[in-house]
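Input: a single structure, listed below in structure tokens.
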Amino acid sequence: MDTHADHAPQPDLIPVLLTGRVAPLPGSEILSGIAKAKTDEPLWLGPEGFHGDMQADRRVHGGIEKALHHYPRDHAPAWRDEIGAHPLLDRPGGFGENLSAEGLTEDRVAVGDIFRLGAALLQVSQGRQPCWKLNLRFGLPDMARRVQASGRTGWYYRVLEAGRVAPGDRLSRIDRLAPDWTLHRLWRAMYVDRLDRAELAGIAGLEVLAEGWRRHAQRRLESGRVEDWRPRLEGAR
């Protein structure tokens, strides 16, 4: 059992809503939708995210299991301690998130948790696997690796019920299907205790978890090896 599991009720949060369009990353011609900006208008939230929100590479970003990205504002002080002052830490959206709020972090959220946001119903589907575009976004060659190593990754939601969402709507957790499987526990199994067979078997069989993560766990069980993270964290060489 995960000693970080949080079974207590959580206070309602009022997240900042953010969307973005595809644009070149700083200092490059590489396109990305990672730059998100706060919206003051209601948005339609469908199965693949907010209407008008864009991703450049749909092979690895967006889709049903990554409809919305949530990043805790709680992490900003730790990032300032680690990388120093940075303008992307001064406002929501620095990590490409669609929802920014304080009060919930990876040790207090579990895969399968269900939340109401406005007229929409969301379910936590997976943690974030950071990619090399964060390196260009922050101007730090190892930012993606830092995010992964820290466990301060944020998480994704799938949309169970589409609906209208407006600034000021509360994000309220209404059910927990696998409360022992916090995102912290999932992160630890995938990136720290990487070949713990009991944990990998649990992940492979966790039905509320996104299929891609379950496949990773199954492959490790079968091969006894950890996949190469360098292409995701460092990009093409």
Side-chain angles (χ1 to χ4, degrees), residues 2 4 22 24-35 55-72 75 78-79 82-83 88 94-97 106-107 109-111 124-158 181-237:
D2 182 17
H4 289 82
V22 171
L25 285 161
S28 79
E29 298 180 355
I30 298 169
L31 297 177
S32 173
I34 196 171
Q55 300 85 32
D57 188 350
R58 296 283 295 177
R59 297 171 304 150
V60 293
H61 298 293
I64 290 173
E65 296 286 38
K66 298 179 181 178
L68 289 180
H69 179 234
H70 184 138
Y71 199 79
H75 295 330
W79 282 120
E82 184 170 331
I83 67 172
L88 291 177
F95 289 83
E97 68 267 31
E106 291 81 359
D107 58 344
V109 176
V111 177
V124 177
S125 57
Q126 59 186 298
R128 180 184 188 170
Q129 292 178 302
C131 83
W132 56 271
K133 291 183 178 180
L134 280 170
N135 303 338
L136 295 178
R137 172 87 165 142
F138 277 82
L140 294 171
D142 62 346
M143 188 62 186
R145 192 171 293 277
R146 286 173 181 266
V147 171
Q148 178 170 293
S150 72
R152 301 189 295 266
T153 61
W155 57 89
Y156 287 103
Y157 298 99
R158 60 175 69 95
W181 278 102
T182 64
L183 293 160
H184 178 88
R185 178 182 179 183
L186 187 66
W187 164 80
R188 186 170 186 85
M190 295 299 284
Y191 300 116
V192 181
D193 302 324
R194 297 171 292 178
L195 291 174
D196 183 319
R197 294 188 63 83
E199 289 291 90
L200 290 174
I203 292 170
L206 188 58
E207 294 184 359
V208 291
L209 179 63
E211 184 180 355
W213 282 65
R214 297 170 64 189
R215 286 200 304 266
H216 275 312
Q218 187 61 44
R219 283 197 292 266
R220 287 191 197 177
L221 282 170
E222 293 172 356
S223 69
R225 297 192 302 272
V226 177
E227 62 278 5
D228 184 1
W229 302 328
R230 287 175 297 177
R232 172 171 56 81
L233 295 175
E234 302 172 10
R237 288 176 173 271

From [atom1] ([X]) to [atom2] ([Y]), nearest 0.5 Å:
X: Arg232; Y: Arg145; atom1: CZ; atom2: CZ; result: 8.5 Å
X: Leu200; Y: Leu221; atom1: CG; atom2: CG; result: 5.0 Å
X: Leu195; Y: Arg197; atom1: CG; atom2: CZ; result: 8.5 Å
X: Asp196; Y: Arg194; atom1: CG; atom2: CZ; result: 12.5 Å
X: Glu106; Y: Trp187; atom1: CD; atom2: CH2; result: 9.5 Å
X: Thr153; Y: His69; atom1: OG1; atom2: NE2; result: 6.5 Å

Donor-acceptor pair, [X] side chain versus [Y] backbone, under 3.5 Å?
X: Lys133; Y: Ala144; value: no
X: Arg158; Y: Ala67; value: no
X: Ser125; Y: Glu65; value: yes
X: Tyr71; Y: Arg152; value: yes
X: Asp107; Y: Thr182; value: no

* Does the side chain to side chain contact (heavy atoms under 4.5 Å, CB included) test come out yes or no for Val111 and Gln126, once each step is laid out? -> CA-CA 6 Å; Val111 177; Gln126 59 186 298; over 6 Å; no

How far apart are the closest heavy atoms of [X] and [Y], and which atoms are they?
X: Glu97; Y: Gly94; value: OE1-N, 3.7 Å
X: Ile203; Y: Ala189; value: CD1-CB, 3.6 Å
X: Pro72; Y: Gly154; value: CD-CA, 4.1 Å

* **Test applied, side-chain hydrogen bond (donor to acceptor under 3.5 Å, both in side chains); reference residue, Gln218; option that passes from Arg220, Arg215, Glu222** => Glu222

* Let me see the working for His216 and Trp213 under ring pair (Phe, Tyr, Trp, His ring centres under 6.0 Å), right down to the final yes or no. => CA-CA 5 Å; His216 275 312; Trp213 282 65; 7.4 Å; no

Does the side chain of [X] reach to within under 4.5 Å of the side chain of [Y], using non-hydrogen atoms?
X: Phe138; Y: Val147; answer: no
X: Tyr191; Y: Val226; answer: no
X: Arg128; Y: Lys66; answer: no
X: Leu136; Y: Ile34; answer: no
X: Leu140; Y: Leu134; answer: no
X: Asp193; Y: Glu199; answer: no

* Heavy-atom neighbours of Glu82 CD exceed 12 at 6.0 Å -> yes

* Asked: If we ignore angles and hydrogens, is there a donor and acceptor under 3.5 Å between the side chains of Tyr156 and Gln129?
  -> no

* Applying side-chain contact (heavy atoms from CB on, under 4.5 Å) between Phe95 and each of His75, Arg137, Met143, report the one that passes. => Met143

* Under the ring pair (Phe, Tyr, Trp, His ring centres under 6.0 Å) test, which residues partner His70, sequence neighbours left out? -> Trp155, Tyr157

* Asked: Does a side-chain N-to-carboxylate-O contact under 4.0 Å join Arg219 and Glu227?
  -> no

